[in-house]
Amino acid sequence: MNNLKTILVISGPTASGKTKLALNICREKNGEIISADSRQVYKYLDTGTNKEGVLRHNGQSFVRVIDGIPQYLTDIINPDQKYSAADFVRDAGLKIEEITKKGKIPVVAGGTGLYIKALLYGLDEMPQADEKLRLKLAEKPAEELYKQLLKSDPEAAEKNKNNPQRLLRALEVNILSGKTMKEHFKDKTQRYAFKHYSIAVDNEILYKRINERCEEMIENGMIEETEKVLHFGFKQDCAGLSGIGYRHIIKYLNGEISKETMLEEFSKDTRHYAKRQNTWFKAQSDTEFLKFS
RNA sequence: GCCGAGGUAGCUCAGUCGGUAGAGCAACGGUCUGAAAAACCGUGUGUCGGCAGUUCGAUUCUGCCCCUCGGCA
């Protein structure tokens, strides 16, 4: 266990400057970036997920390159495909191997806290998502899911009483494995030799930056980008287009809200998102905070 | 200048037949194991425009003043 691969991790809320910091570190330490971002994985969703750099042809695939530095795990699936923390752990693991083999340092940078945690400590052995079962369970009201789960996994049922999504997952795990959530949990050890830096920015400054950036994103063609993806044939409610901003733009395009309201809601949801990210990273004990203002 | 409406939380407003006030949004705190840009849980932060009067007690009633928004000039 003492030959763990060395990686660096940069986290932080949206608009905190993670990519910029990651690029500087890559230059200094001969590194390459692995994006830990549940939205940048989607092809065609560029402006709205704050991708930087350009896609370059690289043998059989495309790789995003920012100022000469490769950034992996962006643009890997279509907007109607699903991606999960488990997918990320697998894909990032492979990229870490590749980058390390080249003699470079993998720099994992992104704002999806669960992905980072799952990568660093692993996910427990558990049944994967079962779409058919989920569809069946989703027909039932949350109240019924709760009652059903109460019989087989009361702890998870109580904990997620008002949370349909989590009730459903706990029930899914229980039905497929016969075990409770907790019975799957094991003690965790680090899977990498890592340093985890998290960027902290004062909310007042961060929120102002978010408001400005949302406006810029609209000006920079995010509406057209959404229309383009819809013209490709992807549905309005597909996974990729359900992200912040895209879902607001779709409401606007459907005539349900004004452009002004769309921008307000877009900014608001982004601020709320940044707050949740802050709460998550604050709670991580392996993190060293870099205070920026 | 006159007439009308109004001034209560960061914003929009409700309310108190007189006993120091509450909704939505914002903000703040938290949860988190294959949907995580998701899905949830919790918290009211206030010179009730100012001054005086009546009253045991005024944000509420009365008077004056200040401010805002309409309309008429």
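In what follows, every chain begins at residue 1, and chains take the letters A, B, ... in the order their sequences are listed.
Per the geometry, CG belonging to A/N163 stands 6 Å off P belonging to B/C40, to the nearest Å. When rounded to the nearest whole Å, the span between CZ of A/R166 and P of B/C32 equals 8 Å. Put simply, NZ on A/K282 is 4 Å from P on B/G30, counting in whole angstrom units. Here the P atom of nucleotide B/C41 and the CD atom of A/E158 are 14 Å apart, to the nearest Å. The nearest whole Å value for the distance from the CD atom in A/E264 to the P atom in B/C11 is 16 Å. As a whole-Å value, the separation of A/D269 CG from B/A27 P is 10 Å. Between A/N160 atom CG and B/A38 atom C1' the separation is 14 Å, expressed in whole Å. Nucleotide B/C32 holds its P atom 14 Å from the CG atom of A/D124, rounded to whole Å.
The side chain of A/L114 approaches B/U33 more closely than any other nucleotide in the set B/U33, B/A37, B/U31. Which of B/A37, B/C25, B/U31 sits closest to the side chain of A/T279 comes down to B/U31. When the nucleotides B/A38, B/U31, B/U33 are ranked by their closest atom to the side chain of A/Q165, B/A38 comes out on top. In the set B/A27, B/G34, B/A39, the nucleotide with an atom closest to the side chain of A/Y207 is B/A27.
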task = Go through the steps to decide whether A/D87 and A/K82 satisfy the test salt bridge (charged side-chain N to carboxylate O under 4.0 Å, His left out), and finish with yes or no.
result = CA-CA 9 Å; A/D87 295 324; A/K82 290 198 169 167; over 6 Å; no
ask   = Would A/D124 and A/K188 satisfy side chain to side chain contact (heavy atoms under 4.5 Å, CB included), going step by step from the backbone distance to the final call?
value = CA-CA 9 Å; A/D124 287 303; A/K188 295 297 179 59; 3.2 Å; yes
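Mapping A/Q128 and A/T14 onto RNA chain B via the closest heavy atom, the residue that lands nearer the 5' end is A/Q128. Residue A/G122 is the one, among A/F266 and A/G122, whose nearest nucleotide of RNA chain B lies closer to the 5' end (criterion: closest heavy atom).
Here A/G245 lies out of heavy-atom contact (under 4.0 Å) with every strand. Using a 4.0 Å heavy-atom cutoff across all strands shown, A/A129 reaches sugar-phosphate atoms only and no base atom. Contacts of A/Y121 with the nucleic acid, taken as non-hydrogen atoms under 4.0 Å apart, are absent. Across all strands shown, A/D37 has heavy atoms under 4.0 Å from base atoms, whether or not it also approaches the sugar-phosphate. No contact: A/K117 has no heavy atom under 4.0 Å from any strand. Base engagement by A/G48 is indicated by at least one non-hydrogen atom pair under 4.0 Å involving a base atom.
RNA chain B lies under 4.0 Å from at least one heavy atom of each of the following residues of residues 270-278 of chain A: A/R271, A/H272, A/Y273, A/K275, A/R276. Listed in residue order, the members of residues 131-153 of chain A having a heavy atom less than 4.0 Å from RNA chain B are A/R134.
Its glycosidic angle being within 90° of 0, B/G34 falls on the syn side.
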request  = Under 3.5 Å for both distances, Watson-Crick or G-U wobble, that's the pair rule; now give the dot-bracket for RNA chain B, with | marking pairs to another strand and [ ] for crossing ones.
outcome  = (((((((..((((.....[..)))).(((((.......))))).....(((((..]....)))))))))))).
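Remark: the A/S16 side chain and the A/R209 side chain contain no N/O donor-acceptor pair separated by less than 3.5 Å. Side chains of A/T49 and A/Q40: no donor on one and acceptor on the other come within 3.5 Å. With hydrogens and angles left out, the side-chain atoms of A/E32 and A/Y72 include a donor and acceptor closer than 3.5 Å.
The P atoms of B/U43 and B/A35 are separated by 30 Å, rounded to the nearest whole Å. With C1' as the reference atom, B/U45 and B/G29 are 13 Å apart, rounded to whole Å. The C1' atoms of B/G7 and B/C65 are separated by 14 Å, rounded to the nearest whole Å. Rounded to a whole angstrom, the distance from the C1' atom of B/U16 to that of B/U20 is 11 Å. Distance noted for atom C1' between B/C17 and B/A23: 22 Å (whole Å). When the C1' atom is compared between B/G50 and B/C41, the two are found 43 Å apart, to the nearest whole Å. Separation of the P atoms belonging to B/G46 and B/G53 is 28 Å when rounded to the nearest angstrom. Nucleotides B/G63 and B/C72 have their C1' atoms positioned 27 Å apart, rounded to a whole Å.
When every heavy atom of A/N78 is checked against every heavy atom of A/K43, the shortest pair comes out as OD1-CD, 3.8 Å. Across A/L167 and A/A142, no two heavy atoms sit closer than the pair CD1-O, 3.8 Å. The two residues A/N174 and A/K179 have their closest heavy-atom pair at ND2-O, 3.0 Å.
Looking at heavy atoms from C-beta onward, A/F289 lies out of side-chain contact with A/Y197 at the 4.5 angstrom threshold. Between A/H248 and A/L263, every side-chain heavy-atom pair lies at or beyond the 4.5 Å cut-off. You'll find the side chain of A/I34 stays beyond 4.5 Å of the side chain of A/V107, heavy atoms only.
For B/U33, the base is stacked against the aromatic ring of A/F185, per a cut-off of 5.5 Å between centres and 30° between planes.
Separating the NZ atom in A/K235 from the OG atom in A/S242 is a distance of 14.0 Å, to the nearest 0.5 Å.
For the pair A/Y246 (side chain) and A/G48 (backbone), a donor-acceptor distance under 3.5 Å is present.
For the OP1/OP2 pair of B/A37 and a distance below 4.0 Å, the side-chain nitrogens and oxygens of A/R247 include no atom meeting the criterion.
Counting atom types as modelled, A/R39 pairs no side-chain N or O with a base atom of B/A36 as donor and acceptor under 3.5 Å.
Taking the six-membered ring where the residue is Trp, A/Y115 and A/F88 present parallel rings, their angle staying beneath 30° rather than reaching 60°.
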